[in-house]
Every structure is written in structure tokens, then in C-alpha cells.
*Asks:* 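My questions all concern the structure below.
Not measured: the values here are computed from a predicted model.
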Amino acid sequence: MALPYFVVDCRDPTAKTIEVRVVADTPEQAAGLVLGETLDRGGSGARRKLRARVYLDTGTALSVVHLYEPSQTANAKKARRLRRTRHT
């Protein structure tokens, strides 16, 4: 279900904060539409660069998702998956 998200660009901490409203199915999709990048949620404990904060305001609560640059492991898994689909 498409929801309204606010995407805050965190790629350059010295630049003026840019906030864009977009309708998307997920926070990752919202950030991808605004920034043109594929981003991942945190979780592994590895230190990665924060690329965006994505807010969802439901009217009763405000939630935020932090999105980071993809890890090297995620990139390697994606490349393997693509190679397998090309050969089948």
C-alpha cells in the first residue's frame, strides 16, 4: 500500500538539508525514488555511512527509518543472484 514518506538526504552533512515528500510502498523505495540509489536498513552492527532518513507520519505517530549505503556483502550477494538468473 502506497504511503506518504518524507525523505531527508543525509549524503552530504555540510549541505543544506533537503526534505522531499514522496508516495511509495516502502521507505527503501521512497529513498530510491528521491536519491536514485538502492539503500539498506542497518542491523548488522557494521558501521556504514548514513545516506537518508525516511519519515512516515501516520497522524498519530511519527516513525523514522535510517537507510545506509549497501554493504559489500549485500553487493556480493546481489551479483551472485544476477549471475545465476542469467545462466538459467
*Asks:* For residues Cys10 and Lys49, determine if any side-chain heavy atom of one lies less than 4.5 Å from a side-chain heavy atom of the other.
*Replies:* no
*Asks:* With a 4.5 Å heavy-atom cut-off, do Glu28 and Leu67 have their side chains touching?
*Replies:*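 Yes, close enough: below the 4.5 Å cut-off.
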*Asks:* Enumerate the side chain to side chain donor-acceptor pair (under 3.5 Å) contacts for residues 58-67, please, sequence neighbours excluded, ordered by first and then second residue.
*Replies:* Thr58-Thr60
*Asks:* I'd like to know if Leu62 and Phe6 are part of one continuous hydrophobic network [Ile/Leu/Val/Met/Phe/Trp/Tyr, side-chain heavy atoms within less than 4.5 Å].
*Replies:*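 Per the 4.5 Å side-chain linkage, Phe6 and Leu62 are co-clustered.
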*Asks:* Show me the donor-acceptor pairs within less than 3.5 Å that the side chains of residues 19-26 make with the rest of the protein, sequence neighbours left out.
*Replies:*
| residue | atom | partner | partner atom | Å |
| --- | --- | --- | --- | --- |
| Asp25 | OD1 | Ala2 | N | 3.3 |
| Thr26 | OG1 | Gln29 | N | 3.0 |

*Asks:* Any side-chain heavy-atom pair from Tyr55 and Val8 closer than 4.5 angstrom?
*Replies:* yes
*Asks:* Would you say Val64 and Ile18 are hydrophobically clustered, going by side-chain heavy atoms of ILVMFWY under 4.5 Å?
*Replies:* no
*Asks:* Within this structure, what is the CG-CD distance for the pair Asp9 and Glu37, rounded to the nearest 0.5 Å?
*Replies:* 8.0 Å
*Asks:* Less than 4.5 Å apart, any side-chain heavy atom of Leu56 and any of Leu3?
*Replies:* yes
*Asks:* Test of understanding: clusters of I, L, V, M, F, W, Y form through side-chain heavy atoms closer than 4.5 Å, transitively. Do Val54 and Leu33 belong to the same one?
*Replies:* yes
*Asks:* Hey, are the side chains of Tyr68 and Asp40 touching, using non-hydrogen atoms and a 4.5 Å cut-off?
*Replies:* no
